[in-house]
Amino acid sequence: MSKIKITFPDGNQKEFDRDITGKQIAEGISKGLAKEALAVEVNGEVWDLSRPIRQDATFKILKWSDDGGKDAYWHSSAHLMAEAVETLYPGAKFGIGPSIETGFYYDLDLGDHNLTKDDLQKIEEKMNELANRDVPYVREEKKWEDAVEYFKAKGDQYKLELLDEFKGQTISFYHQGNFTDLCRGPHLPSTGKIKAMKLLSVAGAYWRGNEKNKMMQRIYGVTFPTKKELDEYLFRLEEAKRRDHRKLGAELELFLLTPKVGSGLPLWLPKGTIIRESLIEFLRDEQRKRGYQSVVTPHIANLELYKTSGHYPYYKDSQFPPIQLENGEAFLLKPMNCPHHHQIYSFKPRSYRDLPIRLAEFGTVYRYEQSGEMNGLTRVRGFTQDDAHIYCAHDQLKAEIKATIELTQLVFKTFGMDVKIRLSYRDDKNTEKYGGEAGFWEQAQREIREVADEIKLDYFIALGEASFYGPKIDFMVKDALNRTWQLGTVQVDYVMPERFQLEYIGQDGQRHRPVIIHRAPFGSLERFIGILIEHFAGEFPLWLAPIQVAVLPISDVFMEYAREVYEALKDSGVRVEIDDRNEKVGYKIRDWETKKVPFMLVVGEKEKVGGLVSVRQHKKGDQGTVKREEFQTRILDIIKTRALTV
RNA sequence: GCUGAAGUAGCUCAGUGGUAGAGCAGCGGUUUCGUAAACCGCAGGUCGUGGGUUCAACUCCCACCUUCAGCUCCA
């Protein structure tokens, strides 16, 4: 029998008989490893443990701790769930059932039957039963015609549709127990590996993600090798719900969403406004240092302006309908600030000496989001962008892109937020979604990528995510429920300068087109604050905390001293409150703790006599006594430096 | 927009066709208190909205609104 050479992750090489399986290699290393192995990676591809290896290969055993291992685990779990569904609901048809970041889903067509929570319970029980049988997942390869025949007999049009794309190819199937599925694999060795399972939710999902197609029912679930891990995961889910900005926003009195004003139109309460204005002040400072000029533009504009920009009628459906005047004029609630800023740019001739011109505005825009899309502060119909447009000569472009990325990164660093950077390119297969000439697009995409490489950004590229006038560098952040949102953005635009005929006079005395950078480090204040609330779980750093200090006299007797402490802090600019309620100090502490106020100052006899305050920090408890003045100096410093931790 | 679920006091939640309840918060009083809940009392509701069935509807039926989860969309 011929031999093959296997290279292990540590670089070691070893010869094996041809057709050896991953499982056999694992068993050769140790029994424990063989037991833990879920799949193997062969030449960078994830394979079943039982699949014979026919040639020299790099080789890695995948366990639960490996992404590839989890992937096989959850994908196999989806098949197990499908088997349970088919057992309980004969005739069920299946769409796709992949693993996802955490867990898996399967899209189902059960005819008229709508799945309920009780159904999920039943399916879960059946899955447990099937897993306990511990039957193997078996791979089988069929000719395309035989595969089609199989699903024709079964009457599953979804799988037939999927097969259309693989015409003429060999098709792999997987069986476990009585269930057979069209599947590329890989899978676990057997169902018994799946120990703890939970079906989380059922929701509609369009077949193949197209809203013109039939809506299927999608069950989301998650499985783990032990009950303990499942319980921990479910506990974390509950914890995450406690961070939900919609819940904290009401509890901490930050903002209000009420149908009386309108869906997706948040009202900022006094405490939330403090956070919002602190953020604005922070960014204004940074922008002033970087040569930005502030401008202000109105909330509506002549419809013609948006015809020039191209936003109308292409985005007609996502705008509030125009306001029609009797004289035939029409106005649009502004969906974006750019066209206004372009008018400011072009109100007078510009020289190359003036460039770059950086126009900044906290501009509120209105977009008609679909009704099912609204989500707390993260998806709204009226929001304020920390918008700016940089008009520059082409030879200034890269430096300006760098500077805007640097500013955006400073923003996220200031809050300690974890961002993923996405280069959003256009989809060349769908060019009618985008304006401008192909050449401009290639140039702009190349340029942002070059800058990203030069400053060694860790990015990924996403096709089809560009805006209609140019590619973007997007700063993506996750919310408490693990959903990804775009916050900051930097966009390069060659299209609008053409549409608006923007010019400057160059050193050569000739007219030139500037390039525009659109950028918004926060993205929108609403979305940013929504994420920020969840990021800090409502426990804001001192400089953002709506109430920074609460003074708690132990009883009425010390009210006068408490007022002195309170007034002094207030005069120095600290956001401080005094709790003069007729309550015991334990009650007051509990109350201010639940309000997540960073500092409490307990004052009684001892403090009054010594000119002291007893400092109690949120969640950290009693920090001992200090001189009043000392506390004041310290807290002002923490606020000024915008420190994250104290 | 689509599929499904939900909506009872400011908040969290009970209430399966027969007079709407609790805890917390709020208000009034008593207590003057040392690091996460003192005590007593009072008030608080068009049961999301509008129709219908019924002697009688928070409860059953229909429509709409809003919220939630997911899908689609996101300049």
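Below, all heavy atoms of this structure are taken into account, side chains as well, without hydrogens, waters or symmetry copies.
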Between B:rA69 and A:R218, is there an OP1 or OP2 to side-chain N/O distance shorter than 4.0 Å?
-> no
Evaluate the ring planes of A:F468 and A:Y314, with Trp represented by its six-membered ring, and classify them as parallel (under 30°), tilted (30 to 60°) or perpendicular (over 60°).
-> tilted
N or O in side chain of A:Y220 less than 4.0 angstrom from B:rC71 OP1/OP2 = yes
Integer-rounded Å distance: B:rC71 P and A:L481 CG | 13 Å
Which part of the nucleic acid, if any, lies within reach of A:E605 when heavy atoms closer than 4.0 Å are counted: base, sugar-phosphate only, or nothing?
-> base
Which part of the nucleic acid, if any, lies within reach of A:R379 when heavy atoms closer than 4.0 Å are counted: base, sugar-phosphate only, or nothing?
-> base
So which protein nitrogen or oxygen atoms get under 3.5 Å of nucleotides 46-51 of chain B's nitrogens or oxygens?
none

Side-chain (A:Q343) to main-chain (A:H340) donor-acceptor, under 3.5 angstrom | no
What does A:Y587 touch in the nucleic acid at a heavy-atom separation under 4.0 angstrom: a base, only the sugar-phosphate, or nothing?
-> sugar-phosphate
Nearest-angstrom distance, C1' atom, B:rG52 to B:rU59 | 15 Å
Look at the rings of A:W207 and A:Y158 and say which category their plane angle falls in: under 30° parallel, 30 to 60° tilted, over 60° perpendicular.
-> perpendicular
For atom P, what is the distance between B:rG41 and B:rC11, given to the nearest Å?
-> 26 Å
Short question: side chain of A:R527, backbone of A:Q486 - any donor-acceptor pair under 3.5 Å?
-> yes
Using modelled atom types only, decide if a donor and an acceptor are shared between the side chain of A:R499 and the backbone of A:T308 within a distance under 3.5 Å.
-> yes
Report which part of the nucleic acid A:R483 touches: base, sugar-phosphate, or nothing (heavy-atom distance under 4.0 Å, all strands).
-> sugar-phosphate
OP1, OP2 of B:rU67 versus side-chain N and O of A:S263: anything below 4.0 Å?
-> yes
Gap in Å between the two P atoms, one belonging to B:rG26 and one to B:rC65, rounded | 37 Å
Establish, yes or no, whether a centroid distance under 6.0 Å links the rings of A:F599 and A:F631.
-> yes
side-chain N/O A:N375 vs B:rA69 OP1/OP2, d < 4.0 Å | yes
